[in-house]
Amino acid sequence: MFALGTGLPLGLLLLLFARLGRGQALKGMRHLGSALLRGAGGVFVVLGILDTVLYWNL
């Protein structure tokens with residue numbers, strides 16, 4: 001299971017490079033990474049507000 005879990009992302013990355021070409025794949029990953037960072041930031045802001053509200057009983 002561990003080997004499958006660590007090897008699967010690498011296999012998907014190699015498949016992506018093979019199908020799209022290196023430049024196009026990197027551009028797509030940059031776009032996806034940016035969206036994931038914004039989404040994670042939003043989740044952390046919401047969790048911080050929720051934690052503050054629950055802690056201070058507002």
Side-chain angles (χ1 to χ4, degrees):
M1 287 304 251
F2 178 77
L4 183 64
T6 55
L8 188 64
L10 180 61
L12 291 174
L13 182 65
L14 291 174
L15 181 66
L16 184 68
F17 279 167
R19 296 196 116 220
L20 295 178
R22 185 172 180 232
Q24 187 69 19
L26 289 175
K27 181 188 267 187
M29 288 190 310
R30 190 175 308 125
H31 180 67
L32 179 64
S34 175
L36 286 174
L37 282 175
R38 289 176 190 230
V43 167
F44 279 118
V45 167
V46 168
L47 288 176
I49 291 170
L50 180 64
D51 188 40
T52 302
V53 167
L54 290 176
Y55 180 75
W56 293 102
N57 294 322
L58 298 176

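All values derive from a computational prediction rather than experimental measurement.
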Undergrad: Please check if V53 and V45 belong to a single hydrophobic cluster, counting links between Ile, Leu, Val, Met, Phe, Trp and Tyr side chain heavy atoms closer than 4.5 Å.
TA: yes
Undergrad: Applying side chain to side chain contact (heavy atoms under 4.5 Å, CB included) to M29 and L13, what does each step give before you reach the verdict?
TA: CA-CA 10 Å; M29 288 190 310; L13 182 65; 3.3 Å; yes
Undergrad: Only one of L14, L12, L20 passes side-chain contact (heavy atoms from CB on, under 4.5 Å) with L16; say which it is.
TA: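 The single option meeting the side-chain contact (heavy atoms from CB on, under 4.5 Å) with L16 is L20.
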Undergrad: Side-chain polar contacts of residues 32-39 - donor-acceptor pairs under 3.5 angstrom, sequence neighbours left out - could you list them?
TA:
none

